[in-house]
Amino acid sequence: MNRNFIVFKNAEVLADQVSGLLMNQIARAKGSQFHLAISGGSTPNLLYAALASKYADSVLWQKAHFWWVDERMVSPDDPASNFGVVHQLLFSKIDIPEMNIHRIRGENEPFQEANNYIRQIKGSLNMNIGWPQFDLILLGMGEDGHTASIFPNHLELLNSERICEVVTRPDTFQQRITLTGKAINNAEKVCFLVTGANKVGCLSEILLKKEKAKLLPAAYIHPINGELVWYADESATSFLSSAYNFVI
């Protein structure tokens, strides 16, 4: 596994630069399809807006297939819907086939929809050692160290034998569907997008304080045969030394 840390001046510069890196990866990928699992959140949303602004007319959208790392169990027109936000920021502004957008249907019964999404994934992606292999997974990290919808009180989801699970967020009791740890760690590449001073605590523990990091789900993301890259801004990484790979 190759782990890199790439630090940008701020979240806006990160989104702008990562949009180009993402499009280059889609262009270089072998085959006619590129399977990308995406997350919600303020930093990913900046990325989706940058993609729409810079690459609205790209032919690569015909190749890109979008999946969701997690989704809240709400209707697609609900402001809390990850799909709804991405549709507004990106899909409504680009020419992408409807069949390339594989949303989790948050309006459905959670456990049935989790099973349905598992079937869709198995029917569309290459399987490797019994698990689907996404070309790229984009993750965020919460202030509590959660990633996808794997929260600190649900570390067992990191070792679930299911591709997707239903989980209840501990503070809001809201139900979600999430990819599990083994599904995420089977990807060819995983990228974290982490910005803001409020992420310093968890990020420093993950990188420098291994015992404390054992309580943080994001610390367990290590692709077994792929690449892990952290894209962050200066605010989130003020504690890092020159021992890490910086591109400002």
Side-chain angles (χ1 to χ4, degrees), residues 11-12 14-27 29 33-108 110 113-114 116-117 120-121 124-125 132 134-142 146-150 163-164 167 169 172 174-179 183-184 187 189-196 231:
E12 290 75 20
L14 182 152
D16 180 73
Q17 294 298 308
V18 172
S19 68
L21 294 172
L22 173 58
M23 296 304 286
N24 286 338
Q25 186 166 347
I26 296 173
Q33 297 182 350
F34 184 89
H35 291 277
L36 167 66
I38 61 175
S39 300
S42 58
T43 306
N45 290 346
L46 289 173
L47 172 62
Y48 308 139
L51 287 168
S53 174
K54 297 173 64 178
Y55 302 103
D57 298 326
S58 175
V59 297
L60 292 174
W61 300 124
Q62 304 301 308
K63 181 179 182 178
H65 282 253
F66 284 84
W67 302 81
W68 269 260
V69 171
D70 64 338
E71 180 61 280
R72 301 173 179 90
M73 300 312 293
V74 296
S75 64
D77 57 355
D78 189 296
S81 168
N82 286 336
F83 163 78
V85 172
V86 182
H87 182 270
Q88 178 183 0
L89 293 175
L90 180 60
F91 298 146
S92 64
K93 303 179 187 302
I94 63 176
D95 182 18
I96 183 169
E98 186 175 349
M99 67 177 61
N100 288 20
I101 301 171
H102 308 271
R103 77 176 180 94
I104 297 172
R105 298 185 178 276
E107 67 271 28
N108 290 349
E113 182 59 18
N116 178 58
Y117 212 57
Q120 287 187 59
I121 291 171
S124 301
L125 273 70
F134 289 93
D135 295 294
L136 175 63
I137 295 179
L138 296 178
L139 295 175
M141 183 182 70
H146 84 266
T147 193
S149 281
I150 305 175
I163 295 169
C164 296
V167 63
R169 178 166 178 145
T172 64
Q174 180 188 64
Q175 284 190 306
R176 302 180 176 197
I177 289 175
T178 184
L179 292 181
I184 294 170
K189 185 173 183 178
V190 177
C191 297
F192 274 96
L193 309 180
V194 181
T195 62
Y231 294 124

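What's counted below: heavy atoms across the whole structure, side chains too, no hydrogens, waters or symmetry copies.
Atom CG of residue D77 and atom CD of residue E107 lie 9.0 Å apart, to the nearest 0.5 angstrom. Between atom CG of residue N24 and atom CG of residue L22 there is a gap of 9.0 Å, rounded to the nearest 0.5 Å. For the atom pair CG (N82) and NE2 (H87), the distance works out to 14.5 Å, reported to the nearest 0.5 Å. If you take SG on C191 and CG on L136, they are separated by 5.0 Å, rounding to the nearest 0.5 Å. Put simply, NE2 on H102 and CD1 on I121 are 10.0 Å apart, with the number rounded to the nearest 0.5 Å. Here the CG atom belonging to L47 is positioned 12.0 Å from the OG atom belonging to S42, to the nearest 0.5 angstrom.
Counting heavy atoms from C-beta outward, L14 and T43 have side chains that approach closer than 4.5 Å. Here the side chains of V194 and Y231 are not in contact, with every heavy-atom distance at 4.5 Å or above. Side-chain contact check for F134 versus L125: some heavy-atom pair is nearer than 4.5 Å. Annotation: side chain of E71 is not in contact with side chain of R103 (no heavy-atom distance under 4.5 Å). Between L193 and L139 there is no side-chain heavy-atom pair separated by less than 4.5 Å. The closest side-chain heavy-atom distance from Q174 to R72 is below 4.5 Å. At least one side-chain heavy atom of L60 sits under 4.5 Å from a side-chain heavy atom of M23. Within the 4.5 Å cutoff, the side chain of Q175 has no heavy atoms near those of the V167 side chain.
Take F34 and apply the ring pair (Phe, Tyr, Trp, His ring centres under 6.0 Å) test, not counting sequence neighbours, and it matches no residue. For N108, the side chain to side chain donor-acceptor pair (under 3.5 Å) criterion is met by E113, not counting sequence neighbours. Here Q88 pairs with nothing under the side chain to side chain donor-acceptor pair (under 3.5 Å) rule; sequence neighbours left out.
I163 and P132 get closest at one heavy-atom pair: CD1-CD, 3.6 Å. What you find for D135 and Q25 is that their closest heavy atoms are O-NE2, 3.9 Å. For S19 against K54, the heavy-atom pair with the smallest separation is OG-NZ, 3.5 Å. Between W61 and P97 the shortest heavy-atom distance is O-CD, 3.8 Å. Between L90 and A52 the shortest heavy-atom distance is CD1-N, 3.7 Å. Residues A15 and A50 approach most closely at O-CB, 3.8 Å, considering heavy atoms.
Counted by atom type alone, D70 and T178 present zero donor-acceptor pairs between their side chains at under 3.5 Å. With 3.5 Å as the limit, one finds no donor-acceptor pair spanning the side chains of R105 and N116.
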Evaluate F192 against T147 for side-chain contact (heavy atoms from CB on, under 4.5 Å), listing each step before the verdict. CA-CA 9 Å; F192 274 96; T147 193; 3.4 Å; yes
Can V86 and F66 be said to form a side-chain contact (heavy atoms from CB on, under 4.5 Å), step by step? CA-CA 10 Å; V86 182; F66 284 84; 5.5 Å; no
Please lay out, stage by stage, how L138 and V69 fare under the test side-chain contact (heavy atoms from CB on, under 4.5 Å). CA-CA 8 Å; L138 296 178; V69 171; over 6 Å; no
For Y117 and W67: C-alpha separation, side-chain torsions, deciding distance, then whether ring pair (Phe, Tyr, Trp, His ring centres under 6.0 Å) applies. CA-CA 10 Å; Y117 212 57; W67 302 81; 5.7 Å; yes
Could you go through the ring pair (Phe, Tyr, Trp, His ring centres under 6.0 Å) check for F91 and Y48 one step at a time? CA-CA 9 Å; F91 298 146; Y48 308 139; 8.0 Å; no
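Proximity of a side-chain donor or acceptor of K63 to a complementary backbone N or O of H35 within less than 3.5 Å is not detected. No donor-acceptor pair under 3.5 Å is formed between the side chain of D78 and the backbone N or O of V74. Without hydrogens or angle criteria, S124 side chain to Q120 main chain gives a donor-acceptor distance under 3.5 Å. Side-chain N or O atoms of Q62 include none that pairs as donor or acceptor with a backbone N or O of N100 at under 3.5 Å.
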